[in-house]
Structures are given as C-alpha cells and as structure tokens.
Amino acid sequence: MSFHTPHLNVRPVGAFSDNYIWLIDSPNAHGRVLAVDPGDAAPVIAELERSGATLAAILLTHHHLDHIGGVPELLRHGAVPVIGPDDTRIAQRTRTVRDGERCDLPDLGLSFEILQIPGHTVSHIAFWGHGALFCGDTLFSAGCGRLFEGTPEQMNASLTKLRHLPPETRVFCGHEYTAANLRFALNVEPTNRAALEYQARVDRVRAQGNPTLPSTLGLELQVNPFLRCDIPAVVRAAEVHAGRSLEEPAAVFGVLRAWKDQFR
Ligand SMILES: [Zn+2]
C-alpha cells in the first residue's frame, strides 16, 4: 500500500506494536528511498529487499528510541546521511537541521522545510514539503503527543504552527493511535459530526488491518480537540472538566492534555 501526494509516494512500514516508519520514494531517482524515524531496522530492511529499493537518507523527528533505534543497524548496511534536530541524544546524526531551514536533497528531487515543534520533547522537529508533513509524535490523528519535556504553552504553540499549514497537507504521524484518540475526542465533543463519521471510517479501516494514516490537516481541524482549543464547545468541555473558567487556548490545551493522560 502507498499514498501518493502530488509529488510524493509514501508507504508505511509497521514497527513494534503501533509505530509507523515512513518510506518516501525519490521522484528523481527511482528505487532510492528516505526512511523517516526508523525505530527498528529489521522491517525497513525487509521492505527494501521486498521492493528492490535502496536507502538514500534517514530523517529523524526526535530522539526517542522507538524512532531512532534502528539507525545503527541501517548504517551497518550502508552509510547514508542521517538528518535530525540539534540534540546530543541523537548520536548518529550527520546533519543538523533547524527551524525555518530548508532541508534540500537535490539528487533525490526532494526538499523539506524544518519546523521546530517542541512539547513532546524539547528538540522535536517536523519535515514539511511536497504537500506532506512528517510530524513524529507531536500531532497524531485526533490527538497529540504526551508532554515528556515541554510545557502546555510550548506544545500549544507548536500545534498552532501546524494548524496554519495548508488544509490539504497530508499528515504522516509516528503512531497508529487514531481509534483511541477518537474515543477521547468524542468524550470532549460528543456531538461533533465530523468526528462521529471519522470514527465509523476508522473502525472499518482498522477492522481490515489497514493504517488510518495519513490524515489531512483539514480533517484534523474538524476532529482533533487539541487543534480546537478556541472552539466554544471544546472550551466549555475543558472548563467543566477543570471546574474553572479558562481564558487562553493554551490553558484549554493544558486541561485537555492532562484529561487525556487520565482517560481510559
Ligand atoms: Zn516520542
């Protein structure tokens, strides 16, 4: 299975219980691919062998082991550039990219803009280009990453940055969390029709064993409570949960995030 954006062909490689490693085909050099967040090498190597592709570079969104753990083994199969954020916890990085910078891969015909999006971790980045967003564990479909290192204010600012990308942007997240996230989203907004329709679709897709990703930013704006901290129904739900009034979207976000952490 693969997903065609206007300029990109992207396919998921499942790893561990719910991680996705995304393989991006180079439009210029057929059979050469980028791997995004290869937490495990074995499934990537298996997919490269199955498809006859070769690895051209590795993109990393953040330092967590389930996103970088496969890098040493992949490099043993062949040295390729390892592109990631400024963080000493990513030892194999050969190229550091920073907010607002372009990450050009001219021989592959690919170019991404780097978005610094702290919150899940302090140095978390996203790669945005060719109508696609690779956002690691910051934005999930119908949810967002846990705050391991950042503050609610930081994460809310990061998600606000993503919110302003074009709505047709395809969102490639690091995990298959959509069904569980939607249960929480519908607890916050029980009458959100887009979320109810999406839940029915997600249930069908998962019953067939297929990924729910990529999502689109336009859909996320309709169903993802963490991108809707200024929508009256979401603000009211957060205020009822917190038992106090919430003046700022970042405060609404903080309440939602803490609520989700406890939600079963
Ligand atoms: Zn993570």
Side-chain angles (χ1 to χ4, degrees), residues 61-62 99-100 113 115-126 128 133-199 201-202 212-264:
T61 62
H62 68 296
D99 190 43
E113 184 175 332
L115 305 170
Q116 194 84 43
I117 45 171
H120 179 66
T121 69
V122 286
S123 61
H124 200 303
I125 59 170
W128 176 54
L133 176 72
F134 298 89
C135 52
D137 290 355
T138 296
L139 176 63
F140 294 123
S141 186
C144 75
R146 283 176 187 262
L147 303 182
F148 285 117
E149 297 176 3
T151 64
E153 289 73 19
Q154 275 177 323
M155 188 62 147
N156 188 57
S158 296
L159 292 174
T160 301
K161 198 186 250 189
L162 300 183
R163 235 167 74 150
H164 289 104
L165 299 178
E168 63 274 17
T169 302
R170 287 180 174 263
V171 182
F172 294 88
C173 319
H175 290 268
E176 179 61 63
Y177 289 159
T178 312
N181 285 341
L182 268 172
R183 281 195 295 279
F184 176 72
L186 283 164
N187 200 55
V188 176
E189 287 187 276
T191 61
N192 180 328
R193 263 191 60 186
L196 287 163
E197 285 167 13
Y198 187 36
Q199 187 179 44
R201 199 162 83 236
V202 163
T212 60
L213 304 172
S215 179
T216 65
L217 200 56
L219 174 62
E220 295 308 313
L221 292 173
Q222 293 180 60
V223 303
N224 191 326
F226 297 99
L227 297 182
R228 295 168 59 80
C229 293
D230 54 350
I231 301 289
V234 175
V235 176
R236 270 199 305 279
E239 286 180 337
V240 168
H241 183 78
R244 61 192 160 91
S245 71
L246 301 165
E247 307 300 332
E248 298 294 330
V252 174
F253 174 85
V255 167
L256 288 181
R257 188 56 263 181
W259 182 3
K260 171 76 163 57
D261 288 345
Q262 306 298 325
F263 187 76
R264 292 286 175 272

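If you read the sequence from its start, that first residue is 1, and numbering goes on from there. Values in this document were obtained by computation on a predicted structure and should not be read as measured data.
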* Answer yes or no: is there a side-chain heavy-atom contact under 4.5 Å between D137 and T61? => no
* To do: Take the angle between the ring planes of H124 and H62 and call it parallel below 30°, perpendicular above 60°, tilted in between.
  => parallel
* To do: Look at the rings of F226 and F184 and say which category their plane angle falls in: under 30° parallel, 30 to 60° tilted, over 60° perpendicular.
  => parallel
* Determine, step by step, whether T212 and R201 satisfy the side-chain contact (heavy atoms from CB on, under 4.5 Å) criterion, reporting the C-alpha distance in whole Å, the side-chain angles of both residues, the deciding distance to 0.1 Å, and the verdict. => CA-CA 9 Å; T212 60; R201 199 162 83 236; over 6 Å; no
* Asked: What pair of heavy atoms forms the shortest contact from W128 to P166, and how long is it?
  -> CZ2-CD, 3.5 Å
* Heavy-atom closest pair, residues A185 and V223 -> CB-O, 3.7 Å
* Would a 4.5 Å heavy-atom cut-off, applied to side chains only, mark P152 and L147 as touching? -> yes
* Spacing of CG belonging to L221 relative to CZ belonging to R228, to within rounding of 0.5 Å -> 8.5 Å
* Asked: Can you check whether E149's main-chain N or O pairs, donor with acceptor, with T121's side chain at less than 3.5 Å?
  -> no
* Asked: If you measure only the distance, is there a donor-acceptor pair under 3.5 Å linking the side chains of S141 and E220?
  -> yes
* Asked: Rounded to the nearest 0.5 Å, what separation is found between the CE atom of M155 and the CD1 atom of I117?
  -> 7.5 Å
* Please round to the nearest 0.5 Å and tell me the distance separating atom CD of Q199 and atom OG1 of T178. => 11.5 Å
* Distance, nearest 0.5 Å, that separates CG of L186 from OH of Y198 -> 11.5 Å
* Asked: Is the side chain of E189 donor-acceptor paired with the backbone N or O of V234 at a distance under 3.5 Å, no angle test?
  -> no
* To do: Could you walk me through whether E197 and R193 pass salt bridge (Lys or Arg N to Asp or Glu O under 4.0 Å), step by step?
  => CA-CA 6 Å; E197 285 167 13; R193 263 191 60 186; 3.5 Å; yes
* For the pair R257 (side chain) and C144 (backbone), establish whether a donor and an acceptor sit closer than 3.5 Å, ignoring hydrogens and angles. => yes
* Structure fact -> Rounded to the nearest 0.5 Å, the CG atom of D261 sits from the CG atom of L256 at a distance of 11.0 Å
* Taking C-beta and beyond as the side chain, do L115 and L133 meet within less than 4.5 Å on heavy atoms? -> yes
* To do: Please tell me if the side chains of K161 and D99 come closer than 4.5 Å, counting only heavy atoms from C-beta onward.
  => yes
* Give a yes or no answer on whether the side chain of N192 reaches the backbone of Q222 with a donor-acceptor pair at less than 3.5 Å. => yes
* Indicate the ring-plane relationship of H120 and F148, choosing parallel, tilted or perpendicular according to the 30° and 60° boundaries. => perpendicular
* **Heavy-atom pair of closest approach, residues A195 and L182** => O-CD2, 4.0 Å
* Structure fact -> d(L196 CG, T191 OG1) to nearest 0.5 Å is 7.5 Å
* **Check: L246 main-chain N/O paired with E239 side-chain donor or acceptor under 3.5 Å** => yes
* **Considering all heavy atoms, the nearest L139-L217 contact** => CD2-CD1, 4.1 Å
* To do: Would you indicate whether the side-chain heavy atoms of L162 and T169 approach each other to under 4.5 Å?
  => no
* Asked: What do the steps show when you test D230 against R163 for side-chain contact (heavy atoms from CB on, under 4.5 Å), and what is the final call?
  -> CA-CA 12 Å; D230 54 350; R163 235 167 74 150; 3.1 Å; yes
